[in-house]
Amino acid sequence: MRNLLSISLLLFCLTNLFAQNTLKAIIKNEKTKEPLANVSVVSSQNNSNSDEYGNVTIENIPSGKQTVVFSLIGYRKKEKTFEFIPNGTIEIFLEPIEEELDEVKITSSTRSSRTIKNIPTRIEAIAAGELDEKSTMEPGNIKMLLTESTGIQTQQTSQVSGSASIRIQGLDGKYTQLLQDGFPLYSGFASGLSILQIPPLNLKRVEVIKGSTSTLYGGGAIAGLINLITKEPIDKREISFLANINQTQALDLSGFYAEKYKKSGVTIYASSNSQKATDVNSDGFSDIPKFERYTINSKFFYYPNEKTTFSLGVNAGFENRIGGDMQVIDNKSDAIHSFFERNNSNRYSTQAKFEKIFDNNNILTIKNSIGYFNRIIEKQTYNFEGQQLATFTEANYLIPNEKSEWNL
């Protein structure tokens, strides 16, 4: 009799321990009280998603203390702990994260104030998250970032020096316009090494327009346009450092600082990138050229009021690049070992921009850039040196209406 009672008690405990329960819930927006679809609901034993009416059912939940997690992109994750599963349908409210859902406005590439989803021009925006990932994989330049975008190819124009150009939709690199914050700084013969000399750490977003709709910036943009948007100071100070070294003896060091004060702000970016010549297949010639590059970009911002911004930036970049016979690279050239190609380039530029937003939301923008570029190419029987001084000035007045926009 005693054994029978013990077995019965054990069976009763096991039944309660492994009892399966069902949780029914309706998930809503905490502010609007509207149902939320596709909310991920995860328990220790099972998971599901809410339907278009916000309803969700989780089955096979064991008895006892259980934690259920409710999550949806754009909303704060909520965890609910139940000692026992309640009967009926319960309501779960998720709080929207409004500050993380700001709509992206494309202004530099189109001179418009519309959000990216409302612009008739097809624009691809590479966001900060993807930029951070690619800057870790290849911190020296933006080549990988552009190569992985559909319709864009980076073509190596010199195996010896490693020079590269951008091809969009198959057209030659000279028909692609490179901008930085809306300024066409990389133009003419200066664009030959551009993508290999632009580090990604200080970029906030990359805007890409493919096709002739980008000719708002002239005939140099027939194939397309790539606009590199740099970071601006925000209320919270930002300090970033990145260091990288790999098996080919490449060394990348870069740092970024941004801070906004009451009526002013500043961003400073500096980087040092170097690579030793590498002969992978041991044929006596470099497969990866040797180079040293130093870059500094600094920008000052002044905010007289909430609707007026003035910025002034100064950029400088220096690079020495050489490839060819390994003995020449090591300064041991002779009558037999004499093949090499050397590229030395120096860039200096300024950026000035004034923007005023009026009470009727009309926007006046005045900007100017001055760029100086010097490039020296040396081969065993050929020497070239070129200098380029370019300036760009634009005054733009935007009148946005509900169904149309005027751009003067």
Side-chain angles (χ1 to χ4, degrees), residues 103-116 118-121 123 125 175-188 190-191 194 203-209 211-222 224-233 260 263-267 297-316 347-373 388-408:
E103 293 183 293
V104 177
K105 285 191 176 182
I106 304 297
T107 56
S108 300
S109 298
T110 61
R111 301 184 177 94
S112 172
S113 64
R114 295 181 183 271
T115 58
I116 187 170
N118 292 325
I119 290 181
T121 304
I123 300 177
Y175 298 117
T176 297
Q177 182 70 271
L178 274 175
L179 307 179
Q180 183 172 329
D181 296 325
F183 294 91
L185 298 180
Y186 307 101
S187 58
S191 62
S194 296
L203 297 181
K204 177 176 67 175
R205 186 175 68 252
V206 177
E207 302 169 2
V208 180
I209 302 178
S212 58
T213 54
S214 61
T215 51
L216 193 65
Y217 281 90
I222 293 175
L225 179 146
I226 298 173
N227 191 17
L228 309 168
I229 309 298
T230 58
K231 295 179 181 177
E232 296 183 358
K260 185 177 181 180
K263 286 194 173 184
S264 62
V266 65
T267 62
N297 298 334
S298 60
K299 187 174 286 189
F300 171 77
F301 296 82
Y302 176 59
Y303 311 97
N305 52 61
E306 293 183 355
K307 295 188 176 182
T308 305
T309 302
F310 172 78
S311 64
L312 176 65
V314 178
N315 308 319
R347 298 178 187 270
Y348 307 90
S349 64
T350 62
Q351 297 175 328
K353 181 179 178 181
F354 172 82
E355 183 176 272
K356 170 72 174 178
I357 303 175
F358 297 95
D359 293 335
N360 55 2
N361 290 325
N362 292 357
I363 303 174
L364 172 66
T365 304
I366 302 173
K367 54 187 178 182
N368 169 266
S369 70
I370 301 174
Y372 171 79
F373 176 74
Q388 181 185 56
L389 180 64
T391 181
F392 171 81
T393 304
E394 176 185 285
N396 180 56
Y397 191 72
L398 177 66
I399 307 174
N401 297 314
E402 184 178 351
K403 295 184 177 180
S404 64
E405 278 187 336
W406 288 92
N407 227 317
L408 310 177

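What you see below is based on every heavy atom in this structure, not just the backbone, and it leaves out hydrogens, waters and symmetry mates.
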Residue from K299, K231, K353 passing salt bridge (Lys or Arg N to Asp or Glu O under 4.0 Å) with D181: K299
N368 side, atom CG; F392 side, atom CZ - distance, nearest 0.5 Å: 9.0 Å
From CA spacing to verdict: side chain to side chain contact (heavy atoms under 4.5 Å, CB included), T230, Q180: CA-CA 7 Å; T230 58; Q180 183 172 329; 3.7 Å; yes
Shortest non-hydrogen contact from G265 toward Y303: N-CE1, 4.1 Å
Residue pair V314, F300: steps toward the side chain to side chain contact (heavy atoms under 4.5 Å, CB included) verdict: CA-CA 9 Å; V314 178; F300 171 77; over 6 Å; no
Closest contact, heavy atoms only, N227 versus G182: OD1-N, 3.1 Å
Minimum heavy-atom distance between F358 and K307, given as atom pair plus value: O-NZ, 4.0 Å
CD1-CZ distance between I229 and R205, expressed to the nearest 0.5 angstrom: 5.5 Å
Gap between atom CG of L364 and atom NZ of K356 - 0.5 Å precision: 9.5 Å
Chi angles and distances behind the side chain to side chain contact (heavy atoms under 4.5 Å, CB included) call for I370, L389: CA-CA 7 Å; I370 301 174; L389 180 64; 4.2 Å; yes
Nearest non-hydrogen partners of N315 and S298, listed with the distance: OD1-N, 4.1 Å
Atom pair CG (N360) and CD1 (I399), whose distance is rounded to the nearest 0.5 Å: 8.5 Å
Closest non-hydrogen atom pair between N401 and W406, with its separation: ND2-CD1, 3.9 Å
Close side-chain approach of E355 and I363, heavy atoms under 4.5 Å: yes
Separation between CG of N396 and NZ of K367, rounded to the nearest 0.5 Å: 7.5 Å
Test item: T309 side-chain N/O and F354 main-chain N/O as donor-acceptor pair under 3.5 Å: no
I357 to N361 - nearest heavy-atom pair and separation: CG2-CA, 4.3 Å
Rounded distance [0.5 Å steps], OH in Y302 versus CZ in F310: 10.5 Å
L398 side chain reached by T365 side chain, heavy atoms, under 4.5 Å: no
